[in-house]
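Scroll down for the structure; my scribbles are underneath it.
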2 protein chains.
Amino acid sequence: MPNTKTAILSTSPRVRISDVADALGVTKGTVSRALNDYPDISETTRRRVRRTAEAMGYRPLAQAQGIRTGRTRTLGLVLQTDIEGAQRPFLSDFLAGITGAASAEFWTLTVATSAGGGEMLSTLQRLVNERKSDGFILPRTLSEDERMKLLRELEVPFVLYGRVADPDRCAWFDILGEEAMRDAVLRLASHGHRRIGFVNGAAAYNFSQLRKEGFRAGMADAGLAVDETLMTGEAMSRNAGREATCRLLASADPPTAIVFAVDLAALGAYDAARSAGLAVGSDISVISYDGIPEGGWARPPLTTFSVDSRMAGERLARILIRRIRGEDPESLRETALAELQPGGSDGPPAMTSEEIAGRAAAAGMR
Amino acid sequence: MPNTKTAILSTSPRVRISDVADALGVTKGTVSRALNDYPDISETTRRRVRRTAEAMGYRPLAQAQGIRTGRTRTLGLVLQTDIEGAQRPFLSDFLAGITGAASAEFWTLTVATSAGGGEMLSTLQRLVNERKSDGFILPRTLSEDERMKLLRELEVPFVLYGRVADPDRCAWFDILGEEAMRDAVLRLASHGHRRIGFVNGAAAYNFSQLRKEGFRAGMADAGLAVDETLMTGEAMSRNAGREATCRLLASADPPTAIVFAVDLAALGAYDAARSAGLAVGSDISVISYDGIPEGGWARPPLTTFSVDSRMAGERLARILIRRIRGEDPESLRETALAELQPGGSDGPPAMTSEEIAGRAAAAGMR
DNA sequence: GGGCTTGCCGAAACCGGTTTCGTAATCAAT
DNA sequence: ATTGATTACGAAACCGGTTTCGGCAAGCCC
C-alpha cells in the first residue's frame, strides 16, 4: 500500500494537484479527470477526490491549466477611452458587477484600454494571442460593430452589452431603453403635453435606433403625431445637449417637453433653458435616461430612467462565462428594464408652445 | 545537418519557442537563455536568436513562463467600491494610464473589486495565490494601510498611489497636494482674504494629513494666523461639503474664503452658499483640489488644482513593473504637482466676515 | 603536451496541470 | 470456462516555456 501520506493542513505554499493525488494514493491524472467530470472515473472515486481536494483547499492554477487547455478563466474588457464622458460615472459600478460575478466562480478580469477603433481591434488581437483573456465583454454596441466581426472570425467568445441587428452567434445583455423612452412619452402625455421633442444619442450606437423607435412607439400609444422637426440626435455630451435644445426651442412651434436618450445631454437642456429664461419642470419638461449621479444634483433633480450598471456587469459576466463554457449563444440573451427615478424636471406644461417660442426669441435664439 | 527548417511566415497559430529553436538549429533552452540574458550565451548567438525571434514575431506566452517563474507580466489593481464616489470621475483615465504604460512593455492589468476592507485583503490574497497578479497598485493610501502590511508580509511587490509615514520597502507615486493647498492659500491671500477656512477630507487617508499641513504652511507663508475653529474635515462628498460649509458660515466670525481638499466637497459649498444667499466667487471664495469635470460645469466654474490621473496611472504602472523586476524601492519614489485650473469661484472678497455672518444668520444657519 | 579552466551549448528535468493510451479487472454473453 | 466488451485507473506524453546539469572544445598555464 504505497503513497499513503496524509499531507493535510496545507501551509502557505500552494496545494498542487500532486499533493491531492498523493494524499489519496492515486495519480494526478485521476484527480484531474475526477475534478473535470471525465466519464471514465467511477462515482465513488469522483466523490473521494472532490472531498479531499476541497478539504485540502486545492484550487487548480489557472495559468497551468491554460497552457494545455488554452483557457485561464479570465474575462476581458477593452474600454475605449477617447469617447466623450459616456461610461465614466458607471464604470466603477460596472467593474464591481463584473468582478463580483466573476470571482464567485474563480474567474478574473483583464482590463485594457484603447484610443481609436483600430487600436481597439489590435488590442483584442493581442489579448487573444497572448491568451490573456478567454472571451470579451463588449460595451457600447455599435450598429456595425467591428469588434464583433473580428471576434467572430477568430472564434473567440464574446457577449454584447447591447443588442445588434445581425444576431449570428451573439450572446447579449441589454437594458430595454426603448421601453423607457416609451414610458417617458406616456408620462409626459399624461401630464398633458402634446408637443414632445426627442434628442437622441449618436446614431452609430445601436441603442440610439432602439430608443428612437421607443419614442415613436410611445407617441403612437399616446395618440400623438410625431413632428420630424422635433427629432434630433448625436447628443452625447452636455454641450451637444444644450445646442440640440436650443435648436428645438428656436423652432417655429417649439415643444413643451423633451425626451432625451442620454442624461448628459439632458443636463445641457438645463443650460439652454436657463439662457431662454425657462424653468425646467414647469415651463419646459425633461425626461431622460441613464441615471447618472449628476442628474440628482441638478436643480430640479432630473427625472430619468436609471440603469443598474452593477447588475449589468454581473449578468454580462455570468453570460460570458457560460458562453465560454460552450453554451449556445442563442440561449444566452437577457434583458432588463430601466427604472424610473422621478425628479422634478417634468410636470404639467405651464406654458404654451407659443409662449415658449416668445421666450426663445427674446433670448436671441432665433 | 539536422533541423534546418526555415518556418518563416508564421500563420495564425502562435510561434512557439521551439519554432524559433528549429529555425536556428539550436535547442529551445538556448533560445530561452538567449532571450533572458543568461551569461552563458555568446554574444553572437544572442544576437542571432534575438533577430530571428523578432523576425518570426515570437512572443513568449506569459502564462507558460509563469508556471516555472511564478510571474506572468500582470499588474493587479483592487478597487474599493463601497467608498463614496471618490475615484469615479478619474477611473477611466486612471485605467487608461495604467494599461497604456503596461501594454507598452507587454504587461496586462487584472482588476478586482472589494466592498469592505476585510474583503479587500482576502481578494489580494486570492490574486496572489492564484498568481493572477505579480504586484499591485494601491490607490488611496491610508495612514495605517493594511493592504500594505499584508503585501509586505507576503513579500509581494506593490506601489502606492500616495505616500506613507513608514516608507519601509515602499515605492510610490504621489501628487504633491500640500503644495496645491499652499498655493491656494497664497492665491486667496493675494486676493486680499485674511480669514480663510479649510475643509479637509477623511483623516484616514494619508493625503488629508499632508493637505492640512500644506494649508498651514500657506497660512504661515502669507503671514496669516490659523483659526482652529475654521478647520474642519471628513468631507468626502457633496453633502458632507455642504454641511461643513454651513458650519463654517454659522461660526461667530466666518471666513471670506474656504480651501477644500476635495472637489466633491467644494461643490457642496455651492449649495450652502445658495442657501445663505451668498454668491460664490465674490461674496465667498472657494478653491479646491482634484479637477473633476463637474467642477467645470458648476456656476461659476470651480477654481481647482487638477490632477492628471492618466499620467498618474502611467507612472504607477512603470514604477510597479520596475519594482517587480527587482529594483530597489527606495529609488522608485516619484511625485508631481497638481495644476491650477482657474475658474470663477475665487476673487477679491466682496463682503466682510460680519456681513457674511449676517447672511448666514438670516438664512437660519445659526 | 598534459592537465585545468572557461565559455558555450545540448540534453533533460521541471513547473502544474490535461489528455491519450494501454491494460488489469470486472462483467455479460456464449 | 472462454471470449468480448466495458469500466476504471495507472503510466506516460504533452502543453510552452525555464533551469539545471554535464560535457565538448578552445584557451591557458606550466
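For the pair Arg333(B) and Trp172(B), the cation-pi criterion (under 6.0 Å, within 45° of the ring axis) is fulfilled. Cation-pi geometry between Arg310(A) and Phe94(A) is not met: the NZ or CZ atom fails to fall both under 6.0 Å from the ring centre and inside 45° of the normal.
Between dC9(D) and Thr45(A), a contact under 4.0 Å exists linking OP1 or OP2 to a side-chain N or O. A close approach under 4.0 Å does occur between a side-chain nitrogen or oxygen of Ser42(B) and OP1 or OP2 of dC9(C). Distances shown here put a side-chain N or O of Thr30(A) below 4.0 Å from the OP1 or OP2 atom of dG10(D).
Heavy atoms of Ser18(A) sit nowhere under 4.0 angstrom from any nucleic acid atom.
Atom C1' of nucleotide dT18(C) and atom CD of Gln63(B) are separated by 13 Å, given to the nearest angstrom. Atom CE of Met56(A) is separated from atom P of dG16(C) by 14 Å (rounded to the nearest Å). As a whole-Å value, the separation of Arg68(B) CZ from dT19(D) C1' is 5 Å. Atom CG of Asp37(B) and atom C1' of dT19(D) are 15 Å apart (whole Å). Whole-Å rounding puts the Ile17(A) CD1 to dA11(D) P distance at 15 Å. If you measure from atom CZ of Arg14(B) to atom P of dG16(D), you get 9 Å, rounded to the nearest angstrom. When rounded to the nearest whole Å, the span between OH of Tyr38(B) and P of dG17(D) equals 15 Å. Separating the CD1 atom of Ile41(A) from the C1' atom of dT6(D) is a distance of 15 Å, rounded to the nearest angstrom.
For Thr99(B) and Thr113(A), the side-chain atoms include at least one donor-acceptor pair closer than 3.5 Å. A donor-acceptor pair shorter than 3.5 Å can be found between the side chains of Lys132(A) and Thr108(B).
Between the side chain of Arg33(A) and the base of dG10(D) there is at least one donor-acceptor pair of N/O atoms closer than 3.5 Å. A donor-acceptor contact under 3.5 Å links the side chain of Asp40(B) to the base of dC9(C).
Between Val31(B) and Ala64(A), it is Ala64(A) whose nearest contact on DNA chain D lies nearer the 5' terminus. Of the two residues contacting DNA chain C, namely Arg46(B) and Arg131(B), the nearest-nucleotide position lying further toward the 5' end is that of Arg46(B).
Considering only the side chain of Leu61(A), dG17(C) comes nearest among dG10(C), dG17(C), dG16(D). Closest approach to the Asn36(B) side chain among dT18(C), dC9(C), dT18(D) is made by dT18(D) (side chain taken as heavy atoms from C-beta onward).
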| task | Output, in order, the C-alpha distance, side-chain angles, deciding distance and verdict of side chain to side chain donor-acceptor pair (under 3.5 Å) for Gln63(B) and Arg131(B). | result | CA-CA 10 Å; Gln63(B) 70 196 39; Arg131(B) 302 230 209 301; over 6 Å; no
